[in-house]
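Below is one structure; the comments refer to it alone.
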Protein chains: 2
Amino acid sequence: MLAKTDAEGVRAHNRRVVIDQLRRSSVSTRRAVSAATGLSVSSASAITAALIRDGVLIEIPDDERGLKRGRPERRLGFEPSAATVAAVKIAVGEMAVRVSDYAGQPLAYVHRTMTIADLDADRMVAAIADLVREAEALVKRAGHPKTERLTLAVQGKTDAEDGRIVWSPAMKHRDLVVGPKLAQALGATISVCNDCSLMPEGVRWRGGTNARDFAFLFIGFGVGMGLRIGGRTFQDGTNSAVEFGHINHVPGGAACRCGNSGCVEAYAGDYAIWRRALGRPASEIIDRRISDAEIHRLAEDARKAPGDARSAFEEAGIAIGYGLGRLFTIIDPLPIIFTGVGAHAIDLMEPAIRKGIAESSIAEQGADVPFSVEEDVDALVFEAATNHALAGIDERFARSPGRHAEAAE
Amino acid sequence: MLAKTDAEGVRAHNRRVVIDQLRRSSVSTRRAVSAATGLSVSSASAITAALIRDGVLIEIPDDERGLKRGRPERRLGFEPSAATVAAVKIAVGEMAVRVSDYAGQPLAYVHRTMTIADLDADRMVAAIADLVREAEALVKRAGHPKTERLTLAVQGKTDAEDGRIVWSPAMKHRDLVVGPKLAQALGATISVCNDCSLMPEGVRWRGGTNARDFAFLFIGFGVGMGLRIGGRTFQDGTNSAVEFGHINHVPGGAACRCGNSGCVEAYAGDYAIWRRALGRPASEIIDRRISDAEIHRLAEDARKAPGDARSAFEEAGIAIGYGLGRLFTIIDPLPIIFTGVGAHAIDLMEPAIRKGIAESSIAEQGADVPFSVEEDVDALVFEAATNHALAGIDERFARSPGRHAEAAE
DNA sequence: CCATTTTTTCCGAGGCTTGGAAAAAGTCTC
DNA sequence: GAGACTTTTTCCAAGCCTCGGAAAAAATGG
């Protein structure tokens with residue numbers, strides 16, 4: 001059902017447009033905003049004026065005076081203290097938080113190595129709240145407000161609506177409902193998201209990646225995917241992650257850590273590559289964590305000479321290729337950005353991946369999609385979770401009363 | 001990039017809202033429109049008045065006078081002669097068109113049995129144009145305008161942007177660009193769509209199917225899918241069809257008509273069921289068209305006693321189940337509506353389908369999604385293509401000048 | 001010190017929605 | 001059959017928001 005709109009809707013929408021534009025080019029002038037958005041200069045001025053009055057934007061004093069003639073432009077930017085957001089990342093054996101101001105600048109970072117596999121919902125909430133409070137304590141002095149939104153990025157399947165971690169390879173317990181309790185403990189709005197699904201948000205306002213459609217493909221502890229289709233992050237906000245690693249590759253195939261068999265991950269996850277390279281049986285379930293160093297070493301071996309190590313990467317590539325080929329049968333082929341430790345061995349896998357796509361898609365479609373690599377997956381996830389939280393704040397400010405209600409005070 | 005909006009945008013949007021509401025409950029009053037849309041009675045009245053002036057809506061004389069007190073309501077409906085649309089369906093050995101008025105009522109139907117496999121782009125355009133003109137001739141007397149939009153539903157892969165049939169099992173030639181030439185020949189806007197992708201449009205304004213997410217799964221000559229996700233038809237308007245039938249099931253498996261091997265269709269398409277039931281080798285490529293009667297007969301055999309026929313349907317079910325399981329690993333599980341000749345044998349396949357889903361998805365997720373059957377697939381496709389074309393007209397009317405420009409004349 | 005240039009603000013006009021009043025067009029009751 | 005009552009629809013002034021153009025502001029150049 002379509003919803004009606006009115007003058008208020010127009011204002012909210014155009015505030016959104018202005019805020020969105022400023023996110024893209026973080027410092028801008030009223031005139032530039034007008035040009036970029038299509039709004040008249042008058043409107044751009046009126047809207048930014050209201051946003052400044054609302055404490056959302058500030059005028060940034062121009063440090064280096066330009067040599068230009070004419071009235072000097074007043075540069076606009078986000079008021080850093082307008083809100084505080086937190087990005088929490090939970091992975092096997094570790095938990096970390098990055099607290100950022102409304103301009104997106106990191107204010108504090110706290111990382112903790114800890115056993116999280118045994119935590120139940122209550123202790124998980126306590127641990128996260130503790131971590132966030134520690135980071136907030138570092139921020140307090142700078143006069144920033146309390147954290148208003150927190151985005152939790154976890155491996156595994158999540159349910160955004162309930163704030164639930166359905167299952168995660170990092171935890172023994174299932175169906176951990178952490179959202180509501182964490183919200184109460186911290187007085188913040190909580191989003192529980194799959195880390196890979198979130199990745200496209202990491203480049204949301206980044207100038208470079210302007211492609212409307214692309215996918216992040218994470219290869220590491222597991223194999224995950226984040227999709228951007230039609231300029232929006234796919235299924236963001238629903239309970240669904242694109243569980244690329246668990247698309248079935250071969251019926252009744254190698255043992256996967258998820259309990260099933262034949263998943264892509266059971267061939268392309270770090271443990272699967274390790275298992276194959278060491279000649280272990282495909283039915284063996286690998287419980288231990290494979291370090292990045294071990295994978296790097298296997299990759300070196302594979303580059304030196306043919307053998308089990310090289311075969312391991314090739315078979316991983318085939319599995320990924322078939323997964324992509326199957327995906328490309330459902331959605332149009334799109335560029336792939338590899339990340340995670342496996343991305344560093346992309347040279348070993350690329351031919352097999354392209355071969356796998358060619359064999360499993362219609363008329364070899366998608367076998368020639370561009371590949372690229374995003375090196376720092378940790379930074380990407382923090383960036384993504386932060387952007388996700390900031391987007392929520394932006395939306396609140398876009399809808400907030402503005403000039404009229406202000407005048408009524 | 002978000003686009004700004006203004007008063008004109010508000011008007012267009014609210015016109016859209018009103019038109020959309022009327023599509024849902026095809027006869028309504030100004031008051032009912034107001035209640036359903038959230039617009040004030042004044043606005044609903046003003047907007048409908050403008051739409052009546054623009055020739056989009058009409059007041060329908062109330063035949064049976066209600067027994068109610070008060071000023072009698074004036075019922076609103078679409079002006080049938082506001083526009084004419086055509087839905088063309090091309091399948092193996094046949095071509096049919098249904099011309100409808102703006103209220104969605106069919107005005108003419110022309111069906112032709114003909115060889116289309118050999119047609120090149122020019123002859124295809126000529127054949128379609130001829131068919132549509134024949135149907136238009138039947139309509140002319142009734143005083144309806146020329147066909148303004150035409151939606152072409154074909155089996156196979158299409159490219160909506162170029163108006164191209166990339167490939168179709170019904171045709172020998174590839175890359176038939178028919179859109180532009182057909183547009184010129186008929187003076188209409190042409191959309192070239194995959195028939196299955198279009199299916200969810202068939203229930204677009206149907207009250208019953210209010211589920212935001214569901215999938216049509218066609219089993220017949222081929223195996224195809226139409227997805228509705230988040231209340232919108234998936235990838236409608238791009239060149240992508242959800243080629244469910246060509247998701248790889250088993251690497252190096254049975255021969256598929258698409259030239260690849262191991263596709264779902266190579267197990268679940270009518271020719272694959274026939275091939276397996278008759279004990280033919282899986283590598284044999286079946287060129288002939290299997291009639292619905294033959295499939296019905298095989299289904300009867302399968303119901304009577306175990307044997308090749310029963311195994312054929314079971315193996316088809318497994319392939320479909322694995323395809324769905326793989327799909328449900330990428331998107332959330334959703335209800336499935338089966339259609340096509342295979343839907344009549346759903347009783348033979350359902351257990352295998354659910355087993356296949358359970359084996360190929362994480363934690364058996366989606367193995368319990370509701371199944372249902374849509375009997376008349378032809379009617380569904382015509383309805384879908386008609387609705388698709390009507391939606392285009394609706395959009396034009398929503399954007400059209402309205403009262404102000406009208407006054408300027 | 002004044003002309004020029006560029007950015008920003010101010011102001012009236014126009015369009016759209018809204019709530020309330022008025023009009024319209026029936027049924028019901030006496 | 002006339003007036004009361006009820007319900008739908010239309011009319012109107014008010015409020016917002018955007019827009020275009022004029023005016024103001026704040027610098028540089030000569």
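In the text below, chain A, chain B and the rest are named by the order of the sequence lines, each starting its count at 1. Quick caveat, the model's predicted, so the values are computed rather than measured.
Side-chain N/O atoms of Asn14(A) include one lying less than 4.0 angstrom from OP1 or OP2 on dT18(D). At the phosphate of dC17(D), neither OP1 nor OP2 sits under 4.0 Å from any side-chain N or O atom of Lys4(B).
Atom-to-atom distance recorded for Phe214(B):CZ and Ile229(B):CD1 is 11.0 Å, nearest 0.5 angstrom.
Look at CZ on Arg16(B): it is 15 Å from C1' on dC16(C), rounded to the nearest Å. Computed from coordinates, the Arg75(B) CZ to dT8(D) C1' distance equals 15 Å when rounded to whole Å. In this structure, Arg31(B) places its CZ atom 10 Å from C1' of dT9(D), rounding to the nearest Å. Rounded to an integer number of Å, the gap from Glu59(A) CD to dA26(D) P is 11 Å. In this structure, Glu8(B) places its CD atom 16 Å from C1' of dT17(C), rounding to the nearest Å. Per the geometry, CZ belonging to Arg11(A) stands 9 Å off P belonging to dT18(D), to the nearest Å. Atom NE2 in His13(A) sits roughly 13 Å away from atom C1' in dT18(D) (whole-Å rounding). Atom CZ in Arg399(A) sits roughly 16 Å away from atom P in dC17(D) (whole-Å rounding).
Counting only heavy atoms from C-beta on, Ser43(A) has its side chain closest to dC19(D) among dC19(D), dG26(C), dT17(C). The side chain of Arg30(B) approaches dT9(D) more closely than any other nucleotide in the set dT9(D), dT17(C), dT8(C). The nucleotide whose nearest atom lies closest to any side-chain atom of Arg71(A) is, among dT7(C), dC19(D), dT7(D), dT7(C). Checking dT9(D), dT8(C), dA27(D) against every side-chain atom of Arg74(B), the shortest atom distance belongs to dT9(D). Across dT28(D), dT9(D), dT18(D), the shortest atom-to-atom separation from the side chain of Arg69(A) is found for dT28(D). Set against dT9(D), dT18(D), dT8(C), the side chain of Ser45(B) has dT9(D) as its closest nucleotide. Counting only heavy atoms from C-beta on, Ser40(B) has its side chain closest to dG19(C) among dG26(C), dG19(C), dT7(D).
Between Asp20(A) and the options Arg23(A), Arg16(A), Arg24(A), a salt bridge (charged side-chain N to carboxylate O under 4.0 Å, His left out) holds for only Arg24(A).
Between the Thr48(B) side chain and the Ser45(B) main chain, a donor and an acceptor come within less than 3.5 Å of each other.
Of the charged side-chain nitrogens involved, none lies within less than 4.0 Å of a carboxylate oxygen, so that Glu383(A) and Arg204(A) do not count as a salt-bridged pair.
Counting all heavy atoms, side chain and backbone alike, Thr386(A) lies closest to Ala87(A) at OG1-CB, 3.5 Å.
When each of Ser42(B) and Ala44(A) is assigned the nucleotide of DNA chain D bearing its nearest heavy atom, the one mapping closer to the 5' terminus is Ser42(B). Sequence order on DNA chain C of the closest nucleotides to Glu73(A) and Asp6(A) puts Glu73(A) first from the 5' end. Nearest-nucleotide positions on DNA chain C place Gly70(A) closer to the 5' end than the other of Gly70(A) and Thr5(A).
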